[in-house]
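Atoms considered below: every heavy atom in the structure, side chains included; atoms not considered: hydrogens, waters and symmetry mates. From a predicted model like this one, the values you see are computed outputs, not experimental measurements.
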Amino acid sequence: MQNKHNKGWYLLFTAPLIIIFLTVVVIPFVIGIYYSFFSWDGIAANPKVFVGFDNFIKLFSDTRFLESTWKTTFFTILAVISVNVVGLVFALLVTSKLRTSNIARTMVFMPYLIGGLILGYIWQFIFLDVFTLIGEVTGFEKVFFNWLIDMDFALYALVFVFTWQMAGYIMIIYIAGIQSIPNEVMEASMIDGASWWQRLKNITFPLLMPAFTISLFLTLSSAFKIYDVNLSLTGGGPANSTEMFAMNIYNEIFGYGNYGYGQAKAIIFFFIVAGITLTQVYITKKREVEL
Amino acid sequence: MKKFYKILKEFLLLIAALFFLSPVYIIIVNSFKDRQELYENVLALPKEFSFQYYIEAMDKMNFMTALGNSLYITILSVLIIVILSSMTAWMLARTDNKLSKIIFMVFIATMLIPFQTLMMPLMQFMSTITNSLHIPMINTREGLIFMHIGFSASISVFLYHGFVKSIPITLEEAATIDGASKFGVFWRVIFPILKPITVTVMILNVINIWNDYLLPSLTLTDKGLRTIPLSTFYFFGEFTIQWNLAMAGLMLTIIPVVIFYILAQKHIIKGIGEGAVK
């Protein structure tokens, strides 16, 4: 009797969320795998033709897709380095008890709240007008010009704006990590005569490994999945040179109407994202030290 | 010498932080200028402050409607997420059996699925539900809320689950002996204890849902249902060349975020830090 009673409560507490979760995430995921084996243009009246693994084989000869994969990887490497370096430097400065710490933290975090789409539009204007103006006035026209119309610089512009958006967020995570380092450890090392750099290298960094694991995970996965900033800043241009993985999938499905083929790309996308992030977490977790 | 370094550091930090906010300065000053003035010098302060472009942008973006939609969707989604995911997480953490473990594992595993992997089949499935069961999932704000809840479930359950594990079980046992039902135990004893993590869950979800563009762009087609990111996107599609008007529009979209930040700054920074460490 008691047991049956408990089962009722269990169902009442968990069923609503599980049903929503199943319909929004789990079932579409399974349907998605099914679609990836078909050739279909998305129009309900048209037939879905079973093609087996053809969609997946086709990926290897799709130059635009391969190009986009390579560009996304390159972008991710640059973005992860730049976001983490900027975030960590700010975190170290902000926690070194300066009078401007609080106000700096507030300002640096602000862009994260504004969101990728709107930040992209703001920076579109800055590259277009402010950069050209600075170039004209200072004469450094090789650096200050409209980055968005250059095939190589457009990608750097994307890294730049992505860093602008994410650095404050990552900074907060590093701050939480730095503040969790016990004061006694720092004081003891100072008494022992350790220099600033020795303390940073031998105490701060090893004890920051958990924060490092999380920051890397967050930047890796969000850089690889970048879409909003990509859409509003470059729109994939010029000439598809900044069409990242996520945008390539969107265009394949909703732009060209290749629903089956696009979904096969989307499934591969999942395996890559899961593979990269799990490997990273596994590697960095091993290096975490216990105090 | 040490003091000099300290002042130098203070100064550099302030400059760096100001540099981070400089885009906001650029949009503010240019949102007041007319076209000619804008192209004379984009960095200069405006000669006069007229709100002409704000009024025009507000009208063209349907700003008040978009603001209303964004508020409605974000608030309702976050409230339901908090209620449902805290209940689910507590039950899963406190019922030690295989089923609970499997359900929790599925929640965690799906966190790795990118939205792009789900978007097309999700839209297909939602239109099937709309057509065959006559539940309007597509092109309604409530349908979008339903989907937001589904996508936020994993991370929210994960955060609550970790927190519940750290609460001693004796509290609940005492309340149960006193004759309270599971419902009573949860809402009167447990939910108040969960407050710190509830703040974290709310803030993370508010940021994600408020700024989300792709999901609303796929589900909402009616002009009157557009959220702020959606109306910004369409606004830019039409008025890219008129930058002063565009700047006023961007400024409008930032104002609600700034207000939210000023009101809840402490909670936001604490919430983000704690959410990540978990």
Worksheet, complete the sentence: CD1 (A:I18) and CZ (A:F13) are apart, to the nearest 0.5 Å, by 13.0 Å
Structural part of [X] lying under 4.5 Å from a heavy atom of chain B:
X	answer
A:Y121	both
A:T23	both
A:L22	neither
A:L278	side chain
A:Y34	neither
A:L133	side chain
A:D228	side chain
A:V273	side chain
A:I27	side chain
A:F270	both
A:I126	side chain
A:Y174	neither
A:A104	both
A:L117	side chain

Any side-chain heavy-atom pair from [X] and [Y] closer than 4.5 angstrom?
X	Y	value
A:F127	A:T132	no
A:Y259	B:M120	yes
A:L208	A:L88	yes
A:S215	A:L218	no
B:M119	A:Y250	yes
B:F107	A:L17	yes
A:W164	B:F19	yes
B:F191	B:S86	yes

So what's closer than 4.5 Å to chain A heavy atoms on [X]: side chain, backbone, both or neither?
X	result
B:S152	neither
B:I83	neither
B:F186	side chain
B:F183	both
B:A16	both
B:W210	neither
B:I27	side chain
B:L12	neither

Can you tell me which of [options] forms the most heavy-atom pairs within a distance under 4.5 Å of chain B?
options	result
A:R105, A:M107, A:R99, A:K225	A:M107
A:W123, A:F245, A:F109, A:F217	A:F109
A:I118, A:I249, A:I253	A:I118
A:L98, A:I122, A:L93, A:I103	A:L98
A:I31, A:D129, A:V137	A:D129

Fill in: B:F233 and B:Y213 aromatic ring geometry - parallel, tilted or perpendicular at 30°/60° bounds
tilted
Discussion item. Can you classify the ring geometry of A:F90 versus B:F20 as parallel (below 30°), tilted (30 to 60°) or perpendicular (above 60°)?
Written reply: perpendicular
Selection from [options] maximising heavy-atom pairs under 4.5 Å formed with chain A:
options	result
B:V157, B:V206, B:L214	B:L214
B:E10, B:M87, B:M91	B:E10
B:I81, B:N208, B:I254	B:I254
B:M147, B:M137, B:Q124	B:Q124
B:I207, B:D212, B:I80, B:I129	B:I207
B:M123, B:M111, B:R94, B:M247	B:M247

Assess whether atom [atom1] of [X] is packed by more than 12 heavy atoms of other residues, nucleotides or ligands within 6.0 Å.
X	atom1	result
B:N97	CG	yes
A:K48	NZ	yes
A:F271	CZ	no

Worksheet entry | Partners meeting side chain to side chain donor-acceptor pair (under 3.5 Å) with B:S231 (sequence neighbours left out) | none
Fill in: Residues in side chain to side chain donor-acceptor pair (under 3.5 Å) contact with A:N248, at least two apart in sequence or another chain
A:E243, A:K265
Worksheet item: Is the cationic atom of B:R226 (NZ for Lys, CZ for Arg) positioned less than 6.0 Å from the six-membered ring centroid of B:Y234 and within 45 degrees of its normal?
Response: yes
Fill in: Lys NZ or Arg CZ of B:K182 over A:W9 ring: under 6.0 Å, within 45°
no
Item to complete: Please lay out, stage by stage, how B:W90 and B:Y160 fare under the test ring pair (Phe, Tyr, Trp, His ring centres under 6.0 Å).
Response: CA-CA 7 Å; B:W90 179 64; B:Y160 273 122; over 10 Å; no
